[in-house]
Number of protein chains: 2
Amino acid sequence: MRKNIQKRQSGCPIAFGLDTFGDRWSLLIIREIMLRGHNTYSEFLAAEEKIATNILIDRLKHLEAENIIEKNRDPENRRSFIYTLSQKGRDLAPILLEIIIWSGAYDKRDFALRNVLEKINADRKGFEASLTSE
Amino acid sequence: MRKNIQKRQSGCPIAFGLDTFGDRWSLLIIREIMLRGHNTYSEFLAAEEKIATNILIDRLKHLEAENIIEKNRDPENRRSFIYTLSQKGRDLAPILLEIIIWSGAYDKRDFALRNVLEKINADRKGFEASLTSE
DNA sequence: ATTACACCTTGCAAAATGCAAGTTAATATT
DNA sequence: AATATTAACTTGCATTTTGCAAGGTGTAAT
């Protein structure tokens, strides 16, 4: 496991954001929860990008330590844990949406979340509210 | 130099964005150009986060290869190069702004771009237009 | 010709990531 | 009550990326 991600402490908000979720995997985990309704370790593992188990648990612990996600036992399946977004995590929605919009403009391939892009374009505020509210 | 950043090819716009600018440094270089008006190798090197020279040149080449920035000789100082954002690069502005907004909410320290955050809050569309237009 | 500046390259050490296999804890099955 | 299965991890080691320090190249000023 990584010791402790190197923080830049430059006092810049872009650097702060990158230090918090700016690695190769964190935003993909957040996407799983926010846009695909996935919320267990096994579901994250099954994501098409094939994250390694040690990296996954490391990022889940990190995001939990940063209060972006919360971990609780699944009351309906006591050997499973449910990861959910905190308000701080849900507030990342506009960042994800802007990335989707940008990629929608510049990635000419078909892609899985095209429907999400269409929903954003049709009613950004409404779609965002559906992600951001409790 | 890195051989060639490993692309995920998952067909997801979040993954596409991360493959393009989702490393520890690319968005900071874009911040230098977009928000601080810096546009030379030396200016990027002088940024407070202290990027290493090999990483800097690697990212500049990568961002140029992705058509996010353009490199040209400075007509007024022929031993210098000027890096500017392409339209594709300028279109990253909303993503940077959302990161700034999010960090503004959750980073309780004082930070350098607080003034930018205030401008965004006062007139997001106007501020964004000032970054995004030619 | 010498110096300085701006941009880069190179070699090596340190850290992060990726891969494969093994472990633990809760529940289901025989 | 033993055995198997599922879900969530852990560990060891190879590969890749990053970080650091030093050196090299092209342009221009003195």
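In what follows, every chain begins at residue 1, and chains take the letters A, B, ... in the order their sequences are listed.
Here dG19(D) is the nucleotide among dC8(C), dA6(C), dG19(D) with the atom lying nearest to any side-chain atom of Asn54(B). For Lys71(B), the side-chain atoms get nearest to dC7(C) when compared with the rest of dA8(D), dC7(C), dA7(D). In the set dC7(C), dG18(C), dC9(D), dC7(C) carries the atom at the smallest distance from any side-chain atom of Tyr41(B). When distances are taken from the side chain of Asn77(A) to each of dG18(C), dA7(D), dC8(C), the shortest belongs to dA7(D). The side chain of Arg24(B) lies closest to dG19(D) when the candidates are dA7(D), dG19(D), dA26(C). If you check dT10(D), dT18(D), dC19(C) against the side chain of Ile57(A), the one that comes closest is dT10(D).
Listed pair Lys50(B) / dA21(D) fails the phosphate criterion, with no side-chain N or O lying under 4.0 Å from OP1 or OP2.
Phe44(A) comes within contact range of no nucleotide atom at all, as no heavy-atom separation falls under 4.0 Å.
Put simply, CD1 on Ile33(B) and CG on Leu131(B) are 12.5 Å apart, with the number rounded to the nearest 0.5 Å.
In the interface, the side chain of Ser42(A) is not paired with the base of dT6(D) through any donor and acceptor atom under 3.5 Å apart. Side-chain to base pairing of Arg79(B) with dT25(D): no donor and acceptor N or O lie closer than 3.5 Å to each other. Taking 3.5 Å as the limit, the base of dT10(D) and the side chain of Thr53(A) contain a donor-acceptor pair of atoms between them.
Residue Ile51(A) is the one, among Arg78(A) and Ile51(A), whose nearest nucleotide of DNA chain C lies closer to the 5' end (criterion: closest heavy atom).
By the 4.0 Å N-to-carboxylate-O rule, Glu98(A) lies close enough to Arg124(A) to be salt-bridged with it. Salt-bridge formation is not detected for the pair Lys88(B)/Glu70(B): no Lys NZ or Arg NE/NH1/NH2 atom is positioned less than 4.0 Å from an Asp or Glu carboxylate oxygen.
Between Ile55(B) atom CD1 and dT18(D) atom C1' there is a gap of 5 Å when expressed in whole angstrom units.
Dense packing is recorded around NZ of Lys50(B), with more than 12 heavy atoms of other residues, nucleotides or ligands lying under 6.0 Å away.
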